[in-house]
Structure formats: C-alpha cells, structure tokens
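Below is one structure; the comments refer to it alone.
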Protein chains: 2
Amino acid sequence: MSYRPTAKTRARQKAQHESLLKTAVSIVARDGFHGLTISRLARETGIATGTVYKYFDSKAHLCAEVFKRATEREVDMVRAASFPEQPAPCRQRLTDAVTIFAERAILGGRLAYALIAEPVAPAVEQERLIYRKAYAGIFEQLIEEGVKTDEFPSQSPSVSAAALVGILAEVLVAPLGRGDAATDQSLLIGPIRKFCLRAIAFRETA
Amino acid sequence: MSYRPTAKTRARQKAQHESLLKTAVSIVARDGFHGLTISRLARETGIATGTVYKYFDSKAHLCAEVFKRATEREVDMVRAASFPEQPAPCRQRLTDAVTIFAERAILGGRLAYALIAEPVAPAVEQERLIYRKAYAGIFEQLIEEGVKTDEFPSQSPSVSAAALVGILAEVLVAPLGRGDAATDQSLLIGPIRKFCLRAIAFRETA
DNA sequence: AATAGATGTGAATCATGGTTCACTTCTTTA
DNA sequence: TAAAGAAGTGAACCATGATTCACATCTATT
C-alpha cells in the first residue's frame, strides 16, 4: 500500500465539492433547474464533464443537494419566526413567518421561482415535496398551538398549513415565472399577510 | 385538378382528430403527461407514429389541445357556480364554487393532478397558466363584487383570487402526486371550504 | 381508368443531455 | 524515485422520444 488520502487531500475534495455546489446554485439562480446541465456546470467550474461525477453520483443527486442547500436556510428562517426565543402570541408569530417567507422569496427572485414553482424533472420535484412538507409542518405546529390556546378558531391544522403553503407559492412565487413580474412584489406582502391572518386567526363576526 | 376534399372526407378527418384527442386524454388520465408519447398515442389509437403528425403539428400543440379539452369544462363549471342564473349572495356563490372545484378535482383524480400539479414540460406549463388565470379571473370577479356590495371585507381581489387557486391546488390536488393519497379526499372539502370562507368573507371579531 | 391531392406508414434521423471509460496526471507513501 | 490509489479528462456512448421522409395507399375528379 502506498497512497492514503490525507487531510489536505480531503480538504481539497471538500472544497471542490463545495465549489461545484456553489456554481450549481448560481446557475439555478440565473436560469433555473432547466439551465443546470452537467456540461455547463463543468464548464463554469472550469473542469471536465466527467470530473463532476467524481463528486456527484448522478444529476439527480446533484439536484437534490442544490435543492437542499438553497432551501434549508429558508426553512430555518421561517421556523425561527414561527418559534422565536421570546414568547409571542401565535397570531404575531404567524404574521412574522409569512412576512419572512415573503420577503425572502422576493429577495430570492429567480431562485425562489426555481425552488418553488419552476417545472422540474420528477426527481427534483421529489426533493421539492420534502421542503414543502417542511414548511407545512412548521405552519401546522404553529396553528395547532394557536387552536389549542384558543387564539385561533377551530380548524384542521394540516389543511390550513397546506393551504398556507399553496397561498405563498401561488401568489408570491408563481408570478415570477410569468411575464407579469412587472408588478412590485413587495406590494403583495401586506395583502397576503392580511389574507392569511383572516384565514387562520379570524372568527366570524357575530 | 382532380381531387377535392369532400364533406365525408373532412368528417373522417375530424373524427380521427377527435379520436386521437380522446385517446390522448385517456392516456393522461392514466399516466399523466409524462405517459403521453407520440408513439404510444399512435399505438393505442391503432395508427402509425407519423400519422399523428397529419393531425397535430407537434407534440406541444397536441398537449395544448389535450389541456384545453380537459380543463375547459372544469373552468365552465366553476364559472357557473360563481355566477349562477339565480341571484345568490357572494358568500354562497364562493362556497359553491370552491365545492364544485373540489368535488370535480377529487372525481378527476389522476387527471386533475396532471392538469394542475404534475411536473410538465415548459410548453405544457404555459397552457396550464392560461387556465390558472381563468380560475383566478373568475374568483377575482366574484370577490370584487363581494367587496363592492360589502359582503366581504376590504381586500385585494387579485391577491385573494390567486390565493384561492393556490389553496385548491396545494391542498386538494398536490397530495394526489404523493403517496399520502390514502386519506379520503372528500374529507378535505369541509375544512377547505371553511378555510376559504374565513379568508375571504370573515371580518375581525370586535 | 388515369391522375392529383390526401392520408397512412414506420424505420431512420435528430436533438438533447446524462453517463461511461480508457487513459493521463497528480499525491502520497515506501 | 517507484508504485498505488485518486482525481481529471473529454470524446464516445446511450437512452429517450420527437420529428421527418420516401414510399404506399386511398379518395375524388375527369
């Protein structure tokens, strides 16, 4: 035996992996998953096509990692807003969570569209579902708590949570994929927030 | 000159076109747009691959017609529920529209999923947007009326309408694409209806 | 029946893009 | 520095599925 991967070697490996992932995310942010091809990724990273496969088993795996990388932070932010250190009423937390999601989606622009609404291959769609469920899970927990403490009216937390995800995706992100992105997205935040609040926190006026 | 297409000929032409479309819809209902390939369509219709192109310029055109065919009736039903012959309060009409959509989506099953949520090629997605907008347009008009007559609280009709579409798509149809279709969908109708009603028709309790 | 215009055929062609592989070029160890 | 194990290369290979095309067959006219 005469060769052992050493710390330095493994560091380079990791760095390359990282570099590829970074480039991949940047491609997706520019042209969506549609624009992410192995050869382009290789080209932009400055390596050969085949080399990519030394770092990722398949395109599906690559896409999964890209998705994870780009979405995890978002989910964390929404979770943090939903369950803050400082205790706060559910209503406030719901508002904050929706706002955070919206602001970050608008900031994300093309990338947000790619992650949430762009038509993608079934394999990538599978990844997307994981994160939709993550969002839904957070909302569900929050709504459940609100119902329990009687801050929110009786409702099905799972349905309401899924509905929230649908609202945010359709109202905020889907338009990015169309021509009508002319509208200033930030103008949508207020109305969406109100809509969600009505839907989840309002009781019928007597 | 010695040949003119005659009535009989044109009828056959139309019939064949129709037959292809019908088969295509049935394929989509079984296996989604993913399952719709030209060769399979030809096979199931009992003609040669190339012949399909005598009736449809391209797969994109075919998909567009399939989409149109399958969706138009749905949109009409929702429109009819939203703007019935008999005058009715907006609130009732909203409830009816949501219910109709939900019931039909559940009935449609796999087809509804294909039309609303299945990942598809960008060309098909384009078609989908048209019909999403059709739904949104109907809802928007209804909500606008409700706000004007003060049946609904002040809100942005366009945002609320898009939100409705998002809710219905995510809560009702998206699950069809996952394994969790085990749940009886019809149990969702009640909660969704309530959710939508709260979101659009409720006022804050004093 | 002869002819022109359609329609039907299905194997061959294209296009796209992921994946492989024989080979070269490092890295590390003895 | 020789040998072994990685990593890098990029052209070739494959898979999928839409599209074409040269040819055969059918339909309506004269």
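So you know, we letter chains A, B, ... as the sequences are listed, proteins then strands, and number each from 1. Please read these numbers as outputs of a predicted model, since none were measured by experiment.
Residue A:Ser2 has no polar side-chain atom (N or O) positioned under 4.0 Å from OP1 or OP2 of C:dA30. Dashed line: the shortest gap from a side-chain N or O of A:Gln13 to OP1 or OP2 of D:dA7 is under 4.0 Å. In terms of phosphate contacts, A:Arg40 brings no side-chain nitrogen or oxygen within less than 4.0 Å of OP1 or OP2 of C:dG17.
When all heavy atoms of A:Phe139 and A:Ala161 are compared, the pair lying nearest together is CB-CB, 3.8 Å. The two atoms that bring A:Leu62 and A:Ile38 nearest to each other are CD2-CD1, 4.1 Å, heavy atoms only.
Residue A:Tyr55 is in sugar-phosphate contact alone, with no base atom involved, counting any heavy-atom pair closer than 4.0 Å across all strands shown.
Between the CD1 atom of A:Ile47 and the P atom of C:dT19 there is a distance of 15 Å, rounded to whole Å. Atom CG in B:Leu41 sits about 15 Å away from atom P in C:dG10, given to the nearest Å. If you measure from atom CZ of B:Arg10 to atom C1' of C:dG5, you get 13 Å, rounded to the nearest angstrom. Atom C1' of nucleotide D:dT25 and atom CZ of B:Arg12 are separated by 13 Å, given to the nearest angstrom.
Nearest to the side-chain atoms of B:Arg4 among the listed nucleotides C:dT27, D:dA28, C:dT29 stands D:dA28. Closest approach to the B:Tyr3 side chain among C:dT9, C:dT7, D:dA28 is made by D:dA28 (side chain taken as heavy atoms from C-beta onward). Here C:dG8 is the nucleotide among D:dA28, D:dG5, C:dG8 with the atom lying nearest to any side-chain atom of B:Gln16.
Looking at A:Arg132 and A:Glu125, no side-chain N of the basic residue comes within less than 4.0 Å of a carboxylate O on the acidic one, giving no salt bridge.
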Sugar-phosphate or base contact per nucleotide [nucleotides 16-22 of chain D; S, B, -; heavy atom under 4.0 Å]: --SBB--
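B:Glu151 places a side-chain N or O within donor-acceptor distance of the main-chain N or O of B:Cys90, the cut-off being under 3.5 Å.
Within the 4.5 Å cutoff, no side-chain heavy atoms of B:Lys148 are placed close to those of B:Glu145.
For the residue pair A:Arg91 / A:Thr95, no side-chain donor-acceptor distance below 3.5 Å is found, with atom types taken as modelled.
Partners of B:Arg193 under the salt bridge (charged side-chain N to carboxylate O under 4.0 Å, His left out) rule, at least two apart in sequence or in another chain, do not exist in this structure.
For B:Pro5 and A:Ala48, each mapped to the nucleotide of DNA chain D holding its nearest heavy atom, the one lying further toward the 5' end belongs to A:Ala48.
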